[in-house]
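Presented below is the structure to which this report refers.
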2 protein chains.
Amino acid sequence: MTKPDPMAEALKQAEAAAALGEVPVGAVLVEMASGEILARAHNLVERDSDPTAHAEILAIRRAAADQGAPRLEGTALYVTLEPCAMCAAAISFARIGRLVFGAYDPKGGGVDHGARFFEQPTCHHRPEVIGGVQEQECGALLQAFFKARR
Amino acid sequence: MTKPDPMAEALKQAEAAAALGEVPVGAVLVEMASGEILARAHNLVERDSDPTAHAEILAIRRAAADQGAPRLEGTALYVTLEPCAMCAAAISFARIGRLVFGAYDPKGGGVDHGARFFEQPTCHHRPEVIGGVQEQECGALLQAFFKARR
């Protein structure tokens with residue numbers, strides 16, 4: 001049996017968010033050694049009345065709770081959109097080893113834009129970062145969502 | 001009856017965190033018009049196995065859940081330490097009107113240091129910020145905590 005493609009799984013999560021009327025961003029946390037998926041999540045800000053309920057935060061919180069420790073060494077996080085500064089800092093605090101994201105986010109991103117959190121002297125753990133993976137599919141979901149809401 | 005002083009309440013929260021072996025940071029969210037305290041919280045990263053369980057995030061999540069909406073307009077957040085980039089972004093997303101903090105945090109802060117989140121073009125809501133309030137008391141708690149752990 002082949003391992004599921006993490007970014008394809010993250011895209012499924014983003015689609016599930018859109019179906020709920022949430023901003024369509026999905027995230028999947030993977031154990032790097034085995035490829036096993038440890039957590040899947042999507043935005044739930046509106047449903048949960050929680051401004052911090054971004055896909056990345058929810059995936060990190062679930063996986064950390066499951067393993068009973070606040071640090072997630074040896075994991076990779078796949079996200080359909082460039083994380084914001086909140087999520088970038090959470091990724092760093094969780095000691096995640098690799099961040100793979102889809103679309104770039106010039107308006108709200110905190111990795112390649114704005115805060116550029118991982119480049120700050122106040123950042124004490126920097127994951128390997130790979131951006132622009134399946135960028136078109138990831139961005140198209142967001143564009144369709146915001147176009148339909150205008 | 002006089003209203004409780006929010007920073008004094010935040011300091012009590014920080015002391016409660018220290019008693020649990022958590023980094024002693026406390027936060028209190030106040031309704032600006034009435035002075036009513038909407039949420040009190042302190043760090044619970046270790047106890048909850050949650051790298052995002054900073055005092056500010058927990059106070060925001062509780063108040064937003066209580067009111068059934070992800071935005072907390074008309075509120076002020078009192079924190080004993082300069083918020084990190086994660087918490088600064090969460091404060092912005094929650095549309096908090098005023099941030100009052102105690103000690104400055106050159107190593108990990110995200111307001112006056114590092115990411116300086118509120119000064120970024122990717123920040124779409126900037127609270128009024130007042131830093132250095134009861135700075136000595138707030139900082140002393142942290143210094144004593146880290147000194148005892150060395």
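Reminder, nothing fancy here: chain letters follow the sequence lines and each chain counts from 1.
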Discussion item. Tell me whether B:V28 shares a hydrophobic cluster with B:L38, the cluster being built from Ile, Leu, Val, Met, Phe, Trp, Tyr side chains joined at under 4.5 Å.
Written reply: no

Worksheet item: Looking at CG of A:D50 and CZ of B:R61, how far apart are the two atoms once the value is rounded to the nearest 0.5 Å?
Response: 4.5 Å

Fill in: Top contributor to chain B contacts, counting heavy-atom pairs under 4.5 Å, from A:S92, A:A85, A:C87
A:A85

Item to complete: Answer yes if A:F146 and A:V25 sit in the same cluster of Ile, Leu, Val, Met, Phe, Trp and Tyr residues linked by side chain heavy atoms under 4.5 Å apart, and no otherwise.
Response: yes

Item to complete: Using the rule that two of Ile, Leu, Val, Met, Phe, Trp, Tyr join whenever any of their side-chain heavy atoms come within less than 4.5 Å, decide whether B:V79 and B:Y104 are in one cluster.
Response: yes

Practice prompt. Work out which heavy atom in B:K107 is nearest to a heavy atom in A:H124; give both atom names and the distance.
Written response: O-NE2, 2.7 Å

Worksheet item: B:M7 and B:I130: same hydrophobic cluster, using ILVMFWY side-chain contacts below 4.5 Å?
Response: yes

Practice prompt. Apply the side-chain contact (heavy atoms from CB on, under 4.5 Å) test between B:P51 and each candidate in A:I91, A:I96, A:I60; give the one that qualifies.
Written response: A:I60

Response to the item:
Okay, B:R62 and chain A: the region with an atom under 4.5 Å from a heavy atom over there is neither

Worksheet entry | B:M86 side, atom CE; A:T52 side, atom OG1 - distance, nearest 0.5 Å | 8.5 Å

Worksheet item: So, A:H113 side chain and B:P121 main chain: donor-acceptor pair closer than 3.5 Å or not?
Response: no

Discussion item. Determine whether a donor-acceptor pair (N or O, by modelled atom type, separation under 3.5 Å) exists between the side chain of B:S49 and the backbone of A:A69.
Written reply: yes

Worksheet entry | Straight-line distance of A:I57 CD1 to B:I57 CD1, nearest 0.5 Å | 6.5 Å

Discussion item. Hydrophobic clustering (ILVMFWY, side-chain heavy atoms < 4.5 Å, transitive) - are A:V23 and A:V111 grouped together?
Written reply: yes

Response to the item:
Counting heavy-atom pairs under 4.5 Å with chain B, the top scorer among A:A88, A:A64, A:A90 is A:A64

Practice prompt. Could you grab the distance from atom CZ of A:R116 to atom CD of B:Q120, nearest 0.5 Å is fine?
Written response: 8.5 Å

